[in-house]
Number of protein chains: 2
Amino acid sequence: MKSQSEIKQIISAQGLKATLQRIAVYEALMNVPNHPTVEMLMEYIGEKYPSIATGTVYKTLENFAENNLVKKLRTENEAMRYDVFLEKHFHLIDSEKEKLIDYYDSELSNYLENYFKQKNIPNFSINDIKIQIIGKYLE
Amino acid sequence: MKSQSEIKQIISAQGLKATLQRIAVYEALMNVPNHPTVEMLMEYIGEKYPSIATGTVYKTLENFAENNLVKKLRTENEAMRYDVFLEKHFHLIDSEKEKLIDYYDSELSNYLENYFKQKNIPNFSINDIKIQIIGKYLE
DNA sequence: CTGCTTGCAAATGATTTGCAGGAAA
DNA sequence: TTTCCTGCAAATCATTTGCAAGCAG
């Protein structure tokens with residue numbers, strides 16, 4: 001994980017003020033597993049910093065997303081989730097069990113990268129490819 | 001497109017009662033372009049059937065989704081969207097311009113199908129693969 | 001200092017729910 | 001007839017907003 005001062009740097013590097021609240025949100029993002037929702041983050045943050053407001057956490061996360069510190073992701077039925085681990089990966093989703101699991105597959109990542117390097121989609125320039133593999137998580 | 005009686009059959013085939021409301025929703029799904037939201041569907045439906053309630057449309061769409069008559073999809077910032085065209089395809093998304101464009105690519109579909117036929121993901125059985133290609137729509 | 005941030009509480013907007021009455025099969 | 005479906009209106013829940021006060025740079 002990252003130290004407090006590393007987090008400060010990460011935030012400052014984006015031209016954002018490294019406030020207590022932002023550091024707390026970043027910490028929570030790293031420590032709450034499984035692509036937390038705002039609710040999950042608030043639970044974690046509330047233990048250490050009970051005075052940080054929910055609205056602030058929403059604003060902070062929007063802010064982080066705009067500055068590429070987190071990725072937002074959402075499934076069909078749930079609230080928005082946030083992912084602070086930016087290494088390329090995909091997601092396995094079981095809606096029934098409400099599971100959302102990271103799926104790292106560099107072979108597939110590389111294939112797709114090459115595929116779209118060659119195959120040009122008219123009138124569209126690609127920033128990112130999100131893959132959600134929908135199915136059943138077997139106990 | 002499909003006739004009224006074809007729609008009736010499609011709905012009945014899932015064991016659902018072919019009510020006026022459901023037919024109207026299915027019609028709207030076929031005729032409102034670009035993966036409509038409930039709001040867009042209501043606009044279309046309201047012209048012909050002003051008495052159909054919004055709640056009914058929500059329930060109908062949930063119902064259709066459970067019975068594989070539509071797919072639900074949602075992007076980061078928007079309301080739920082519904083897709084009644086079930087042929088395999090992916091989506092190009094430009095969040096800034098709020099564009100969501102169908103992307104048909106059978107080469108990619110086939111590759112992925114074979115890829116996951118061989119590559120077994122432990123503890124997970126795949127039903128569907130959703131790909132969202134995020135980027136900028138030019139022009 | 002000064003402008004970016006925060007806390008708070010109210011507002012919004014999409015979606016869900018409960019229930020009494022209605023209509024397909 | 002009987003079960004499934006609908007309309008309505010209220011409720012819920014995630015998220016956004018406005019604004020006065022606070023704090024990082």
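Residue numbers start from 1 in every chain, and the chains themselves are labelled A, B, ... in the order their sequence lines are given, proteins ahead of strands. Everything numeric in this text was worked out from a predicted model, so none of it was measured.
For B/Q21, counting side-chain heavy atoms from C-beta on, the closest listed nucleotide (D/dT15, D/dT6, C/dG7) is D/dT6. The side chain of A/V38 lies closest to D/dT15, out of C/dT15, D/dT15, D/dT6. When distances are taken from the side chain of B/T56 to each of C/dG7, D/dG7, C/dA25, the shortest belongs to D/dG7. Of the candidates D/dA14, D/dT6, C/dC8, the closest approach to any side-chain atom of A/E39 belongs to D/dA14. Comparing D/dG7, D/dA14, C/dT5 against the side chain of A/L16 picks out C/dT5 as the nearest.
The shortest distance between the side-chain N/O atoms of A/T19 and the OP1/OP2 oxygens of C/dT6 is below 4.0 Å. For D/dT16, the OP1/OP2 oxygens have no side-chain nitrogen or oxygen of A/Y58 closer than 4.0 Å.
Atom pair B/Y49:OH and D/dT6:C1' shows a separation of 15 Å (rounding to whole Å applied). If you take CE of B/M42 and P of D/dT6, they are 13 Å apart, rounded to a whole angstrom. Straight-line distance from the CD1 atom of A/I11 to the C1' atom of C/dC4: 14 Å, rounded to whole Å. One interatomic measurement links the two molecules: NZ of B/K17 to P of C/dA24, which rounds to 9 Å at whole-angstrom precision. With rounding to whole Å, B/E66 atom CD is found 11 Å from D/dC5 atom P. C/dA23 atom P lies 13 Å from atom CD1 of B/I52, rounded to whole Å. Regarding B/I23, its CD1 atom lies at a distance of 14 Å from the C1' atom of C/dA25, rounded to whole Å. Remark: C1' of C/dA25 and NZ of B/K8 are 12 Å apart, rounded to the nearest angstrom.
In A/E39, the CD atom is not crowded: 12 or fewer heavy atoms of neighbouring residues, nucleotides or ligands sit closer than 6.0 Å.
With B/R22 contributing its side chain and B/I11 its backbone, the two residues share no donor-acceptor pair below 3.5 Å.
Comparing B/R81 and B/L20 by the nucleotide of DNA chain C that holds the closest heavy atom to each, the one mapping nearer the 5' end is B/R81.
Using a 30° and 60° split on the angle between ring planes, A/F124 and B/Y137 fall in the tilted class, from 30° to 60°. Between B/H91 and B/H35, the ring planes lie perpendicular to each other; the angle is over 60°, past the 30° to 60° tilted range. Ring-plane geometry between A/Y26 and A/F64 is classed as perpendicular, the angle between the planes exceeding 60 degrees on a 0 to 90 degree scale with a lower cut at 30.
A donor-acceptor contact under 3.5 Å is not formed by the side chain of B/K59 with the base of C/dT16.
Counting non-hydrogen atoms under 4.0 angstrom, B/S51 reaches the backbone sugars and phosphates but no base.
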